[in-house]
Amino acid sequence: MTALLPRDFFTRDALVVAPALLGKLLVREVDGMRLTGRIVEVEAYLGAEDAASHAYRGRTPRNASMFGPPGHAYVYLIYGIHHCLNVVTGPAGQAQAVLIRAIQPIEGLAAMRMMRGRATMRHLTDGPGKLCQALRIDRSHDGHDLCLGQALWLEDAPTPNAPILSSPRIGIRGDELALARAWRYAIAS
DNA sequence: GTCAAGATTAGT
DNA sequence: CTAATCTTGACG
């Protein structure tokens, strides 16, 4: 049994936590079954100073979780279709978060596949929306405490061998500065 | 009440 | 390249 990532891990700047999350295990328990995956791609979002962040224009009911304590989930629905999972980081009130964009399935692959359907199993968990579908994560998990080891949490794992790539974030809008920031991190494959 | 836009994805 | 699909937040 690997170690649950403690609150302290998340109580740091998103730009530190994001690359540190690469290689860690995302664990989802559903019907007593473990669905797990190794995190291979993430993006950091800051608060008031990041024009691409949902928190840029201040707190609203939807992004409230981002303004809450670290180590909790921020889950939102995008385009009326897909859910996206974030981990809140930094001191409470800073509204920083790390978007989990992709995992490499480790346990419960069959159950993940079942959720996604045969036709799309090739692209099982690459992309924030597909990842949430495979792990059955939705807005009921918004605000969920990830440090309890219940339903959804993260576990420590060895730091990856492969180099870490960084690049501008995917699919964002915002000012030039936001678009230029290389706050997407991925494990080279 | 109305309305435009969105941290995506799959299909043409 | 574009449709799908619906919640949210801004405006009034």
Closest contact, heavy atoms only, A:A73 versus A:S65:
O-CB, 3.6 Å
Are A:F9 and A:Y45 linked, directly or through other ILVMFWY residues, by side chains that come within less than 4.5 angstrom of each other?
no
In whole angstrom, give the distance that lies between atom NE2 of A:H54 and atom C1' of B:dA5.
11 Å
Establish, yes or no, whether the cationic atom of A:R12 lies under 6.0 Å from the six-membered ring centre of A:F10 and within 45° of the ring axis.
no
Taking atom P of B:dA7 as reference, at what distance in whole Å does atom CD of A:E43 sit?
11 Å
For B:dT2 and C:dT5, measure between their P atoms and round to the nearest Å.
23 Å
Should A:E155 and A:K24 be marked as a salt bridge (charged side-chain N to carboxylate O under 4.0 Å, His left out) after you check the CA-CA gap, both sets of side-chain angles, and the distance that decides it?
CA-CA 6 Å; A:E155 290 179 4; A:K24 302 299 188 233; over 6 Å; no
Spacing of A:Y74 atom OH relative to C:dT7 atom C1', expressed in whole Å:
12 Å
With a 6.0 Å cut-off (strictly less than), is the heavy-atom count around CZ of A:R7, excluding the residue itself, greater than 12?
yes
Of all the base pairs, Watson-Crick or G-U under 3.5 Å, which form stems of three or more consecutive pairs involving DNA chain B?
B:1-6 with C:6-11, B:8-11 with C:1-4
Interatomic distance, A:H83 NE2 vs C:dA4 P [rounded to whole Å]
20 Å
Separation of atom CG in A:D126 from atom P in B:dA10, rounded to whole Å:
8 Å
Atom pair distance, as rounded to whole Å: OH in A:Y76 and C1' in C:dT7
13 Å
A:L77 and A:H82, any side-chain heavy atoms less than 4.5 Å apart:
no
Does A:Y79 lie flat on the base of B:dG6, that is, centres under 5.5 Å apart and planes under 30° off?
no
At a cut-off of 3.5 Å, list every protein nitrogen or oxygen paired with a nitrogen or oxygen from nucleotides 8-12 of chain C, distance to 0.1 Å.
from, atom 1, to, atom 2, distance (Å)
C:dT8, OP1, A:R139, NH1, 3.2
C:dG9, OP1, A:T60, OG1, 2.2
C:dG9, OP1, A:R62, N, 3.4

Among residues at least two apart in sequence or on other chains, which ones pass ring-ring contact (aromatic ring centres under 6.0 Å, His included) with A:Y76?
A:H54, A:Y74
Within the structure, does a side-chain N or O atom of A:R173 lie under 4.0 Å from either OP1 or OP2 of B:dA5?
no
Of all the choices, B:dA7, B:dT9, C:dT7, which nucleotide is nearest to the side chain of A:L77 once you look at every atom?
C:dT7
Using whole Å, report how far CG of A:N86 lies from P of B:dA7.
11 Å
Roughly, in whole Å, what's the span from CD1 in A:I78 to C1' in C:dA4?
13 Å
More than 12 heavy atoms of other groups within 6.0 Å of A:E176 CD:
no
Just to be sure I understand the rule, does A:L99 reach a base, reach only the sugar-phosphate, or reach nothing, if contact means heavy atoms closer than 4.0 Å?
base
Linked, directly or transitively: A:L99 and A:I39 (ILVMFWY side chains, under 4.5 Å):
no
